[in-house]
*Asks:* 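Quick one: structure below, then a few questions.
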Amino acid sequence: MENWKDTVEIITQEGQIAVPYTWWVGDTGSRFLMALRDEKKILANRCSECGKVYVPPRKNCGQCFVDIDDWTEVGPEGTVETFTIVHFNYPVQPVKAPFAYVLVKLDGADVSLLHLVRDDIEKLGKGSRVVARFSENRTGSILDIDSFQVIEGK
Amino acid sequence: MNDVAIAGVAQTGHESRKDNMIYADMVFDVVTSALEDAGLTLDDIDSVVTVSNDFLDGRTISGMAVGDASGGQDKNISTVEGDGTFGAFYGLMRVLSGYGASIVVAHSKGSECDIRYVTNGMFDPIYQRLLGIEAISASAMQAGEYMQRYGVSEEQLAAVSVKNHGNARNNPYAHLPMDISIDDVMKSRPIADPLKKLDCGPVSDGAAAIIIASPEIAAKATSTPVWVKGVAHCAEDYMIGDRDLAVPVALKDAARRAYDMAGIKNPAEELDLVELYDAFSYMEPLWLEGLGLAEAGKGMSLLEKGVTTMEGSLPVNPSGGVLSSHPVLVAGLVRIIESVLQLRGQAGERQVKNATSALAHGINGPCGQSHCVWILNKDK
Ligand SMILES: [Zn+2]
């Protein structure tokens, strides 16, 4: 049987799904992002049932299934729970590889915040102490924290 | 659970670029082959579940685009956006609720998009997605957490890649059958530490279909039925920072429920093989721990003692697993199909001797946020 590729040219069609979204971040999310933008503070909230301190803050505790309304400030320092040094690039990443993703347990929080480390990535380890560095131009986004910096000697 | 059988199975070969088939062609191919395998016709089928992802396919309501090709004309057809094991769960529930037989068919072509955009899209758009996080980097953090917690080394994990790519050499459907060494894995390109190229499954094009049938329809089929003895799925927190990534609690829950349903007391003794969703090398030992087949942190010891090799008492991923073929969404259904082929004694060169009971496993969400566990048996 002859190869179909000998008789037919392979034609492809390029395209993308490009749908603009405008997500309402909610009152809890707005309060968190306003604090990042206006005060360079990282807000969290505490479930009154289980006592867990969530960051980013949540409207409800999924474990206890109750509303959360007890605000607190966490960080800006924290401890690296786990990390990875990324060696590849694609356009959604806000920084050029190599850089690191970290899950940081901010001081005072019970869950880890996902963020990134740009500098001194070779010094990162589990248990490393890091501190949030805020962006100069803050717009009310998670990227108002530019990155986390490794605290030397810890 | 009432008796339900898997009466037919089919898969395409899995490969990097299927340029001779569009989605619908792949779906038509495996549905036709699964019916043929079962010795049934579309007249015996009254329920169709397709499995697809709109972002992977680049079209909304992607299930409807394969409605005709899946045999869904004039039938009750629906779609699951998630792994094939979860689609199969839906197909099973329909049979348990009175339908005669469900076709469950999954398709994906990783070659036609950049999968990193798709997996970035599963993360929270406000707090995580802008960071560029996607499945590989998130999994790398889970691997790091697991290794740190229990003192597991990269060389140890590399042995999983060696075993599974090696097993794939006996599987004519596998994308990457390879004869490699631990050194090859260690020297492969760093992707996201500690994951290197050969710690990561490929992204494959492929499709798969199964027919889940009531005992009445299974009796009409000419194939040897394989019986569903237990099945469960469980999920944990959405935000990866809320989870202990080194302890797969959702898998523990799902496994316990599936074992209970199947009446399994000692899975290590009672199972003859396991097909699990090893998208990355570290997942095999971690999921074995979640399945209760190894203690926390001791998942690697099973391979090191030879238990999970083809010659061992509990071969894991005789097919070569997801490390050697990763059509996203399809891969979980392929775990069920491999288990069926093994239990029928039709697994060719990779046949596990005297296999009567098998476990098939699929995952959904970042770092195994949810798990689906199937216990299958040769006997009713
Ligand atoms: Zn709570």
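Order of the sequence lines fixes the chain letters, A, B, ..., with proteins taken first and strands second; residue numbering starts at 1 for each chain.
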*Asks:* Which atom pair, heavy atoms only, marks the closest approach of B:Ser188 to B:Lys196?
*Replies:* OG-CB, 3.4 Å
*Asks:* Considering only heavy atoms, give the residues of residues 99-110 of chain A separated from chain B by less than 4.5 Å, sorted numerically, with 'none' for an empty result.
*Replies:* A:Tyr101, A:Val102, A:Leu103
*Asks:* Think A:Arg31 forms a cation-pi with A:Trp71, using NZ or CZ under 6.0 Å from the six-ring centre and within 45 degrees of its axis?
*Replies:* yes
*Asks:* Decide if atom CZ of B:Arg149 counts as having more than 12 heavy atoms of other residues, nucleotides or ligands within a radius under 6.0 Å.
*Replies:* yes
*Asks:* Indicate the atoms forming the closest heavy-atom contact of A:Leu36 with A:Phe134, along with that distance.
*Replies:* CD2-CE2, 3.8 Å
*Asks:* Could you check which of A:Gly62, A:Gly15, A:Pro91 has the highest count of heavy-atom pairs closer than 4.5 Å to chain B?
*Replies:* A:Pro91
*Asks:* Does a sphere of radius 6.0 Å around NZ in B:Lys187 hold more than 12 heavy atoms from other residues, nucleotides or ligands, not counting ones at 6.0 Å or beyond?
*Replies:* no
*Asks:* Just checking, is any N or O donor in the side chain of A:Thr84 or B:Asp193 under 3.5 Å from an acceptor N or O on the other one?
*Replies:* no
*Asks:* Using heavy-atom distances under 4.5 Å, tell me whether A:Asn89 contacts chain B through its side chain, its backbone, both, or neither.
*Replies:* backbone
*Asks:* Who wins among B:Ile136, B:Asn20, B:Asp114 for the most heavy-atom pairs under 4.5 Å with chain A?
*Replies:* B:Asn20
*Asks:* Any salt bridge linking A:Lys5 with B:Asp19? Criterion: basic side-chain nitrogen under 4.0 Å from a carboxylate oxygen.
*Replies:* yes
*Asks:* Does the gap between the ring centers of B:His14 and B:Tyr173 come in under 6.0 Å?
*Replies:* no
*Asks:* What heavy-atom pair brings A:Ile68 and A:Cys47 nearest, and what distance separates the two atoms?
*Replies:* CG2-N, 3.9 Å
*Asks:* Within a 6.0 Å radius of atom CE on A:Met34, are there more than 12 heavy atoms belonging to other residues, nucleotides or ligands?
*Replies:* no
*Asks:* Do the side chains of B:Ser370 and B:Cys234 get nearer than 4.5 Å, heavy atoms only?
*Replies:* no
*Asks:* With a 4.5 angstrom heavy-atom cut-off, is it the side chain or the backbone of A:Ile85 that approaches chain B, or both, or neither?
*Replies:* both
*Asks:* Non-hydrogen atoms of chain B under 4.5 Å away: do they reach the side chain of A:Phe83, the backbone, both or neither?
*Replies:* backbone
*Asks:* Output the residues of residues 137-146 of chain B for which the shortest heavy-atom distance to chain A is under 4.5 Å, in residue-number order; output 'none' if no such residue exists.
*Replies:* B:Ser137, B:Ala140, B:Met141, B:Gly144, B:Glu145
*Asks:* State plainly whether the residues A:Asp119 and A:Arg133 are in salt-bridge range, i.e. N to O under 4.0 Å.
*Replies:* yes
*Asks:* Please state whether the rings of B:His107 and B:Tyr23 are parallel, tilted or perpendicular, taking 30° and 60° as the class boundaries.
*Replies:* tilted
*Asks:* Please indicate whether B:Ile61 has more than 12 foreign heavy atoms, meaning atoms of other residues, nucleotides or ligands, lying under 6.0 Å from its CD1.
*Replies:* no
*Asks:* When only heavy atoms count and the cut-off is under 4.5 Å, which of residues 127-135 of chain B reach chain A?
*Replies:* B:Tyr127, B:Gln128, B:Arg129, B:Leu130, B:Leu131, B:Gly132, B:Ile133, B:Glu134
*Asks:* Could you check whether A:Glu77 pairs with A:Arg129 (Lys NZ or Arg NE/NH1/NH2 to Asp/Glu carboxylate O, under 4.0 Å)?
*Replies:* yes
*Asks:* So which bits of residues 236-252 of chain B come within less than 4.5 Å of chain A, counting non-hydrogen atoms only?
*Replies:* B:Asp237, B:Met239, B:Ile240, B:Gly241, B:Asp242, B:Leu245
*Asks:* Select one option (side chain, backbone, both, neither) describing which atoms of A:Pro98 are under 4.5 Å from chain B's heavy atoms.
*Replies:* neither
*Asks:* Decide, yes or no, whether a salt bridge links A:Asp38 with A:Arg138 under the criterion of side-chain N to carboxylate O below 4.0 Å.
*Replies:* no
*Asks:* Parallel, tilted or perpendicular, judged at 30° and 60°: which one describes the rings of B:Tyr117 and A:Tyr90?
*Replies:* perpendicular
*Asks:* Mind listing the closest non-hydrogen atom pair of B:Gly206 and B:Thr12 along with its distance?
*Replies:* CA-OG1, 3.4 Å
*Asks:* Looking at A:Thr82, A:Leu116, A:Ile142, which one has more heavy-atom pairs under 4.5 Å with chain B than the rest?
*Replies:* A:Thr82
*Asks:* Under 4.5 Å heavy-atom distance to chain B, tell me which part of A:Gln16 shows up: side chain, backbone, both or neither.
*Replies:* neither
*Asks:* So, A:Arg46 and A:Asp70, do they make that salt bridge, N to O below 4.0 Å?
*Replies:* yes
*Asks:* More than 12 heavy atoms of other residues, nucleotides or ligands under 6.0 Å from CD of B:Glu295: yes or no?
*Replies:* no
